[in-house]
Amino acid sequence: MKYGYFDDLQREYVVQRPDTPAPWVNYLGSPEYGAIVSNNAGGYSFAKSGANGRILRYVFNQFDQPGRYLYLRDNASGDFWSASWQPVGKDLEKYHCECRHGMGYTRMLAEYSGIQSEAVYYVPKDSAHEVWELTVTNRSTERRELTLTGYAEFTNHSNYEQDQVNLQYSLFISRTLFDTNRIMQQIHGNLDAQAADEMVDGKTVTERFFGLAGAQVASYCGDKDAFLGRYHTYGNPKGVAAGDLGNVLSYNENSCGALSCVVELEPGESRTVAFLLGMKPSAKAAELLQGYRNAADRCEKELKELKEEWYGRLDHLRVDTPDPAFNTMINTWNAYNCFITFVWSRAASFIYCGLRNGYGYRDTVQDIQGIIHLEPEMAREKIRFMLSAQVDNGGGLPLVKFTHNPGHEDTPDDASYVAETGHPAYRADDALWLFPTVYKYVAETGDKEFLDQVIPFANRDEGTVYEHLKRAVQFSLAHLGPHGLPAGLYADWNDCLRLGANGESTFVALQFYYALRILKYFAEDRGQQEDCRWLENELEEAGKKIQALCWDGDRFIRGFTEEGERIGAAQDPEANLWLNPQSWAVISGLASEEQADEAMRKVFDRLNTPYGAVLMDPPYHAHAFDGALAVIYNPGTKENAGIFSQSQGWLILAEALLGHGERAFRYFTENAPAAQNDRAEIRRLEPYCYGQFTEGPASKHFGRSQVHWLTGTASTVMVGCVEGILGLRPDLNGLRLAPAVPKQWKSFTMEKDFRGRKLHIRVENPNGKESGFTSLNVNGQELASNYIPEKLLTAENEILLVL
Ligand code: IFM
């Protein structure tokens, strides 16, 4: 079943049926001011931190309420409805609507009883407030008088938990005031006589506003209960039904901002007003509102700026292949998902309730990879930040606080860090993610000097980027298990594998192998002979051990328990085949051709499903060892044999590296949101963003996806598609073109910005191959291989690759 379609020209997803199987949301704003809005206007917003800067309230595990509600009332008939289908929820036979989620904005169009409405929600570029622009048009043949009402439900406290659970306190610190065109909410307003240096108990006054521009306020309400009326709902608020909000303010009640205005429209006439919301004192709010007097013009300008910013980012790579779902994901939605994940990490969605007050090391370092080909400078700054969160022993801080202070942080070795973050120990993989990320940045940009930049460590000391990478390798060497493989510590990539100091992880061993190769490549380029010799020896040593200990004839095992038992061996009754060690054996470069073929075939035969490959099989139930925490999940779910979508990216990449275009593309299609638009009722999540996992065959809801938007899947699949399927593989000195595509793709094109130059690439596939090289022509010159040295490139480049 289909609920909408992709409008690729506008870079919008258009929800045509509003009764979607789950709230389908969009992200607005920037790290300064974040907002989430669903196709029925549900959602919340926050300044800087979802945990401590919460402005709009949202009730999780509910029916997507409350939200940014705009009500329209026909004053002649008394009938009322909302600019989004919910919360009033008019009969869809009479109420026609669509919701267009775009890049940084969401537009709701509705037509009911001869009135057309268009609500646009956005956060202007570089701003810390949100705008709800509402345009109403009279499509009937009579003069109409309408009351338009905006409703924003403030939290009573900026801290999400205080607002939700500590009501004996938070109810009694909030109050609202009204002035001309705005409701002001004050939290701790009674402290207004205190100077900042006399703050009581560390608290100051917090002021939020909800204001109206472009029309006069006819009535207002600052008290949620008074607005709704006892035993009413958001679908029939008393004040909206009456056409008069009663001018009530809150004092020791739940605060809200509700403002109404009255507009009269001749047939065909339109009127635009704007509701503004944010955290500002009254005078500043008044000034801001003044700027929106001519609401339509101001909003048009701001939306244009937003689009230009987003299009500018996304246009650094444009592809045109025979597959529309692939195009829409790579050109727009997967790319957008990568930026959203890059910015919000795992902080705020409808599943992450906004409590996590920092960056997970591995998540963020991986998230960066998804935007390197689009915004390398933005990526570089975050890489620097994450390097500054690496401890001087080479390990990563499991959680990097939003208030991170490089050089002065405690570490998992300090009780204070453990108490503050809840992370009791190092994880084996964190700093190893730096290798693919730093490599991709340097290769994309050619910025080799980056390796010489000096960056502090989290706790003390500083070193060049190259030194940081060396220490990451040294961390693994200092934490080897009894067989000499890297220990699994508190976790490897899999949060549900607690292998400890004596258990060992094949995944980390393969990452380590990959890390050694990258560092050696850098060392060779820099002429660091001693390091080259050291790394060569380590590589040989690691390679031998992994081969001897982890290859089980037709698969790589997952590792060893603390008791020395093998995990993921063929004869194990449960979890006897794991996905990641197979794909990473290929990505790391360790697997021989025969091993790669065998292991990847096993994955395809045993783990693959119509929705992607499960993380392992069979699920844990009766045979989980002590550190196999996955058993806490229902079978077919998350790490317990769910289709963990992030791993699909590595699978796509691994198959593509092997030249298996058919399989790589199949894995993309099975789990790509856009490719499932026609069966959205099964997938349930938004058809335009990734989820953390899809329920596997062992679940009652096989095919249903979960945990929308904020997932490492965005970046791994992006890398799998860009480096893998499209075959865009830069290195220090140029660019290799090695696509791995479905045989039936006859040709495709790519427009890529590369190191300040434009590449216009056409790939032809006259003989129906999956990969390979017949010829490469760059600006009229035939090259001997599929590699383009940077020195051959000019400002504009015409490139033709024949497979
Ligand atoms: O790798 C982790 C990630 O850090 C958080 N979500 C689950 C993944 C797999 O366990």
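The figures that follow rest on heavy atoms only: side chains count, while hydrogens, waters and symmetry mates do not. All ligand and atom numbering here is 1-based and tracks the order in the structure.
- Looking at S645 and N671, their side chains do bring a donor and an acceptor atom within 3.5 Å of each other.
- Note: W709 and Y27 have perpendicular aromatic rings, judged against thresholds of 30 and 60 degrees for the angle between ring planes.
- Defined by atom type and a distance below 3.5 Å, a donor-acceptor pair is present between the side-chain atoms of T694 and S705.
- Applying the 4.0 Å criterion to heavy atoms of E639 picks out, from ligand 1, the atoms 7 (C), 9 (C), 10 (O).
- The protein non-hydrogen atom at the shortest distance from atom 5 (C) of ligand 1 is D495 OD2, 3.3 Å.
- Listed by atom number, the atoms of ligand 1 under 4.0 Å from N494 heavy atoms are 10 (O).
- The protein heavy-atom contact nearest to atom 6 (N) of ligand 1 is Q692 NE2, 3.5 Å.
- The aromatic rings of W493 and F507 sit tilted relative to each other, their planes meeting at an angle between 30° and 60°.
- Among W433, F693, W493, F644, the residue whose heavy atom lies nearest to atom 2 (C) of ligand 1 is W493.
- A side-chain contact (heavy atoms from CB on, under 4.5 Å) with Y160 is found for one member of N52, V165, L355 and no other, namely L355.
- Considering backbone and side-chain atoms together, Q646 places no N or O closer than 3.5 Å to any N or O of ligand 1.
- For atom 3 (C) of ligand 1, the candidate residues are L710, L629, D363, D430; the nearest heavy-atom contact is made by D363.
- Under the 3.5 Å distance criterion, the side-chain polar atoms of Y633 are left unmatched by any main-chain donor or acceptor of A641.
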